[in-house]
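The next block holds one structure in the form of C-alpha cells; read it before the comments.
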Amino acid sequence: MTATVVGPEVSESFPAIGTTATVVVTDGAALRTAVAMLRAELDELDRSCSRFRVDSEIRGVERRAGAAVPVGDTLALHLDAALRAASLTDGLLDPTVGTCMDALGYDRDIADVADSDTAAAPVPAPGWWRVGWNVTDRTVLVPRGTGIDLGSTAKALAADRSAAAIADRTGCGVLVSLGGDVAVAGPPPATGWRIRIGEDHAARGPGPVVAIASGGLATSGTTRRRWRRGDLRCHHIVDPRTGLPTAGGWRTVSVAARTCLEANTAATAAIVAGHEGCHWLSQANLPARLVADDGQLVVLGGWPADLDAR
C-alpha cells in the first residue's frame, strides 16, 4: 500500500523492517538528522519487536512462555499499544495472531516466504486476553504455544514516535511513511501534506491525492505480501477468529485519524470485519476510503471523492 508525498519537500527512503521507510522534511538542512533519527528508531524497534529475529526481545519472551518476564521501554510501549488496539476492536486486531501466521507459513521475512504445495493447517489466535500484561511492573506473561505479532500497530506507532521526535529536534515539518502508515508532525507545508493513495507502496503511478495537516493516515490491504499454501491463497492480514486470511470483501482500506496508530487500527479492523467494516468505521466517525475486491469504491466520514486521481 502506498502513500506517496506530492510536493516540493525534501525526502529520503530506505528499506527497513520489511518495508520502505521514507522521511520527508520541509527544511532540507534537517534531512540528515531526520534520516539518522528514523533509522535509530527502526533499529530499536527491530531489536525489540521483530518476530523474525531469533535474538529479538519478543522472541526471548516467547521462549520463557508461562513466566512473567520484565521487558524494556520499547517493547513495553508496543505491547501496551497492541493490547489496547485489541481491546478497542473487540479482538479484530490481536497480537497473538503470530500463532496464525506461523501456521500459514509466514514465519520469516516475507522476502523468504515461498509458495508451497503443502497444505496449511490454519489455527485461530489463542486470544489477546490470555496475555498477562502488567503495565505497572512492565512484565508480560505469554502463554505457552503463543506467537506474538506486533507488526501492524508497531509500524504505525513507530511512525508517530519518529515524526514527533524529529519535528521536536529540528523545528520543521516532518512526514514519516512506513509502507502504508503515515504520520506528520510540526508545521505542515502551506497546502498541507499532499499524499497519493495507492495499493502498492513500492509502485509509482496515478492515484487519488488527499492532504492532511496533522495526525496520521494509514492504508491496509491484501494486495501485497501474498503466498500460497496448497490450494490456500494467503496474505498477511489474518482473521484471528479463524486463523485464515481475511476474505471479507475489502482489498484496501485507508483511514485518516488523530494519530497513525489510530488510523492503522481502524483500517486493519475494517478489513478483518469484512462487510461490517463500513458500519465499524461509521461508528468510529473516521474519514475512510474502502476499495472492494471487485474495485468498487466507498468513501465515508468526509473522505473526498477520487476527483484528483491522475
Side-chain angles (χ1 to χ4, degrees), residues 17-19 42 44-69 71-72 74-114 116 120-133 139-158 178-179 181 220 222 224-227 229 232 234-246 261 264-265 267-269 271-272:
I17 59 171
T19 189
L42 298 182
E44 177 60 25
L45 175 67
D46 198 47
R47 287 192 296 270
S48 300
C49 302
S50 174
R51 68 186 185 92
F52 304 132
R53 288 181 57 154
V54 296
D55 62 343
S56 71
E57 188 176 4
I58 190 61
R59 292 293 300 274
V61 169
E62 291 174 356
R63 286 191 289 271
R64 297 177 64 185
V69 181
V71 299
T74 299
L75 182 53
L77 280 170
H78 288 287
L79 278 169
D80 196 61
L83 291 168
R84 285 178 183 271
S87 177
L88 288 169
T89 63
D90 291 327
L92 292 175
L93 270 67
D94 186 333
T96 68
V97 78
T99 309
C100 312
M101 294 294 193
D102 289 346
L104 294 175
Y106 188 11
D107 56 359
R108 67 206 75 184
D109 188 276
I110 191 63
D112 299 322
V113 176
S116 172
V123 294
W128 63 274
W129 62 91
R130 300 181 186 276
V131 177
W133 170 232
T139 61
V140 62
L141 186 153
V142 173
R144 290 180 176 86
T146 299
I148 301 295
D149 183 355
L150 302 173
S152 179
T153 54
K155 186 157 59 77
L157 180 56
L178 301 177
D181 291 341
S220 294
T222 64
R224 284 178 55 85
R225 300 190 185 189
R226 301 183 71 94
W227 68 99
R229 282 293 179 270
L232 183 63
C234 302
H235 57 76
H236 74 291
I237 301 181
V238 171
D239 188 332
R241 298 164 293 189
T242 64
L244 289 165
T246 57
L261 177 59
N264 174 277
T265 298
T268 307
I271 286 184
V272 177

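Position 1 is the first residue of the sequence; numbering continues from there. In this text, all values refer to a predicted model and were calculated from it rather than measured experimentally.
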Salt bridge Arg51-Asp102, side-chain N to carboxylate O under 4.0 Å: yes
Sub-4.5 Å side-chain heavy-atom contact between Val131 and Thr96: yes
For Trp133, all residues meeting side-chain hydrogen bond (donor to acceptor under 3.5 Å, both in side chains), sequence neighbours excluded: Asp80
Verdict with supporting geometry, Val142 and Ile148, side chain to side chain contact (heavy atoms under 4.5 Å, CB included): CA-CA 8 Å; Val142 173; Ile148 301 295; 4.1 Å; yes
Closest non-hydrogen atom pair between Arg144 and Gly66, with its separation: NH1-CA, 4.0 Å
Close side-chain approach of Leu92 to Pro240, heavy-atom, < 4.5 Å: no
Separation between CG of Asp55 and CG of Asp46, rounded to the nearest 0.5 Å: 8.5 Å
Pairwise side-chain contact, Ile237 with Pro245, heavy-atom cut-off 4.5 Å (strictly under): no
Close side-chain approach of Cys49 and Leu79, heavy atoms under 4.5 Å: no
Residue pair Ser152 / Asn264, side-chain donor-acceptor N/O under 3.5 Å: yes
Rounded distance [0.5 Å steps], CG in Leu244 versus OG1 in Thr246: 10.0 Å
Side-chain touch Leu141/Val69, heavy atoms, less than 4.5 angstrom: no
Value rounded to 0.5 Å, distance of CG in Leu75 from CG in Leu150: 6.5 Å
Flag side-chain contact, heavy atom, 4.5 Å: Asp149 against Thr99: no
Heavy-atom donor-acceptor pair, Ser48 side chain to Leu45 backbone, under 3.5 Å: no
Leu178 and Leu42: CA distance, side-chain angles, deciding distance, side chain to side chain contact (heavy atoms under 4.5 Å, CB included) verdict: CA-CA 10 Å; Leu178 301 177; Leu42 298 182; 3.9 Å; yes
Point-to-point distance, once rounded to the nearest 0.5 Å, from OG1 of Thr74 to CG of Leu77: 6.5 Å
Minimum heavy-atom distance between Ala125 and Cys100, given as atom pair plus value: N-SG, 3.3 Å
Short side-chain donor-acceptor distance under 3.5 Å, Ser56 and Ser50: no
Arg64, CZ atom: more than 12 neighbouring heavy atoms under 6.0 Å: no
Test log, rule side chain to side chain contact (heavy atoms under 4.5 Å, CB included), inputs Thr146 and Glu62: CA-CA 7 Å; Thr146 299; Glu62 291 174 356; over 6 Å; no
Over-ring placement of Arg59 relative to Phe52, 6.0 Å and 45° cut-offs: no
Nearest-0.5 Å distance that lies between atom CD1 in Ile58 and atom CZ in Arg47: 15.5 Å
Euclidean distance, Ser87 OG relative to Trp128 CH2, rounded to 0.5 Å: 4.0 Å
Backbone of Gly72 reached by a side-chain donor or acceptor of Glu57 within 3.5 Å: yes
For the student: nearest non-hydrogen atoms of Ala120 and Ala103, plus distance: CB-O, 3.9 Å
Note, Ile271 side chain near Ser220 side chain (heavy atom, < 4.5 Å): yes
Qualifying ring-ring contact (aromatic ring centres under 6.0 Å, His included) pairs, either residue in residues 75-100, two or more places apart: none
